[in-house]
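Below: the structure, in structure tokens.
Within every chain, numbering begins at 1; the chains are lettered A, B, ... in the order of the sequence lines, protein sequences first and strands thereafter. Values in this document were obtained by computation on a predicted structure and should not be read as measured data.
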2 protein chains.
Amino acid sequence: MFSKACEYGIRAMIYIAQQSRQGERVGLKDVAQGIDSPEAFMAKILQALSRQGLVQSVKGPNGGFYMDAPGLKVTLAEVVLAIDGDQLFTGCGLGLPECNEKKPCPIHDEFKLIRNKIKSLLETTQVGEFNELLEKGVLHLKRV
Amino acid sequence: MFSKACEYGIRAMIYIAQQSRQGERVGLKDVAQGIDSPEAFMAKILQALSRQGLVQSVKGPNGGFYMDAPGLKVTLAEVVLAIDGDQLFTGCGLGLPECNEKKPCPIHDEFKLIRNKIKSLLETTQVGEFNELLEKGVLHLKRV
DNA sequence: GGAATAAAGGATAATTTTGTCCTTTTATTG
DNA sequence: CAATAAAAGGACAAAATTATCCTTTATTCC
Ligand code: SF4
Ligand code: SF4
């Protein structure tokens, strides 16, 4: 469904959202350990997300990644779009080309319905939404 | 959503289902051209599908790939499973590990619902289902 | 049986994705 | 200002996926 980079990206955003809720910053190493991802690869992904403004970052001592209040409202859809592009939201999952609304294949309507459901699920889910469960220790972002 | 191999596989199955409806056989070259896929790669994929019994094949002159009557009833789910495995049908699309039904994350229920819809769509769609549209020229398996 | 034909299979190459390492830039602290 | 800490970025490496080529095996036709 998503690339590895995208999975790490989603998990990292959720992790940072929870860890930085009092304006604290989270270091790369912390994030990588917290979500069980390779550190250097994680760095690349966070760089990209940072460039696109989905997460804030500060260099230097006591620096790191964080989110401001509006940052917590970033949706999973935005993260996915930033990393994997819009392939999942548009186009045919079956790779059947050259079809349009007027000449749909047998599964088009249902397929489109599903695609839209995925889209809307991701669009209505914010990275800050997982905080409570994470604090309760009910949700884990890595294997224990 | 699916790997390239899987997309080619699905298209090829649909193509063969339509081309071989009078017991005719379709050659590799024919399939590859018919669905616009690299020939040698297509060969590997068809070999795998053939080994798993999802498509029939005959060697030698006038040989090729074909489906018998029950073959037309093979579902897209079977094809996907044969090529990409069950990752799409099981497990978490978000790559969040260590969660179970008792400790679901905020999106689990809706996510699972979508996953099941994809599964059931693929399970209820047979490769022979596209024949009519293909014959009418309404559906294309490659860019024209 | 021999020639021709077409899939099966093995080996290898190109590309993309994933992952690592090292240097540079920017900020903080004393 | 100097030392240090941390992200940014460039170059490179490994692994997986996609793609190609060549040989072998099975089948048909003469
Ligand atoms: S009509 Fe069929 S092939 Fe075309 S985009 Fe819709 S589902 Fe895919
Ligand atoms: S509970 Fe959440 S993280 Fe776990 S499988 Fe369900 S959707 Fe994925």
Can you identify which nucleotide, out of [options], has its nearest atom closest to the [X] side chain?
{"X": "F41(B)", "options": "dT20(D), dA27(C), dA4(C)", "value": "dT20(D)"}
{"X": "F65(B)", "options": "dA7(C), dG19(C), dT4(D)", "value": "dA7(C)"}
{"X": "S3(B)", "options": "dT18(D), dT18(C), dT4(D)", "value": "dT18(D)"}
{"X": "P38(A)", "options": "dA19(D), dT28(C), dG19(C)", "value": "dG19(C)"}
{"X": "Q47(A)", "options": "dG9(D), dT20(C), dT5(C)", "value": "dG9(D)"}

For K44(A), answer base if it contacts any base atom (sugar-phosphate contacts may also be present), sugar-phosphate if it contacts only those atoms, and nothing otherwise; contact means non-hydrogen atoms under 4.0 Å.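 It contacts base atoms.
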
How would you label the contact of R25(A) with the nucleic acid (heavy atoms, under 4.0 Å): base, sugar-phosphate, or nothing?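 Nothing, no nucleic acid heavy atom in range.
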
Separation of [N] [atom2] from [X] [atom1] (nearest whole Å):
{"X": "D30(A)", "N": "dA5(D)", "atom1": "CG", "atom2": "P", "answer": "17 Å"}
{"X": "Y66(B)", "N": "dA7(C)", "atom1": "OH", "atom2": "P", "answer": "13 Å"}
{"X": "E39(B)", "N": "dA19(D)", "atom1": "CD", "atom2": "P", "answer": "13 Å"}
{"X": "Q52(A)", "N": "dA8(D)", "atom1": "CD", "atom2": "P", "answer": "13 Å"}
{"X": "N62(A)", "N": "dG30(C)", "atom1": "CG", "atom2": "C1'", "answer": "15 Å"}
{"X": "Q56(B)", "N": "dT27(D)", "atom1": "CD", "atom2": "P", "answer": "14 Å"}
{"X": "L49(B)", "N": "dA8(C)", "atom1": "CG", "atom2": "C1'", "answer": "14 Å"}
{"X": "K59(A)", "N": "dT24(C)", "atom1": "NZ", "atom2": "C1'", "answer": "8 Å"}

Applying salt bridge (charged side-chain N to carboxylate O under 4.0 Å, His left out), which residue pairs with at least one partner in residues 120-134 of chain A are found, sequence neighbours left out?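 Qualifying pairs, neighbours excluded: K119(A)-E123(A), E132(A)-K136(A).
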
Can any side-chain N or O of [X] pair as donor or acceptor with the backbone N or O of [Y] at less than 3.5 Å?
{"X": "R11(B)", "Y": "L141(B)", "value": "yes"}
{"X": "Q126(A)", "Y": "V74(A)", "value": "no"}
{"X": "R25(B)", "Y": "G63(B)", "value": "no"}

Nearest nucleotide by nearest heavy atom, which residue falls closer to the 5' end of DNA chain D, M42(B) or K29(A)?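 The 5'-side residue here is K29(A).
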
Looking at [X], does any N or O in its side chain come under 4.0 Å of the phosphate oxygens OP1/OP2 on [N]?
{"X": "Y8(B)", "N": "dA19(D)", "result": "yes"}
{"X": "S57(B)", "N": "dA6(C)", "result": "no"}
{"X": "R51(A)", "N": "dA7(D)", "result": "no"}
{"X": "S50(A)", "N": "dA8(D)", "result": "yes"}

Audit row: K73(B), E78(B), salt bridge (charged side-chain N to carboxylate O under 4.0 Å, His left out) steps and yes/no: CA-CA 10 Å; K73(B) 297 214 157 75; E78(B) 291 175 87; over 6 Å; no

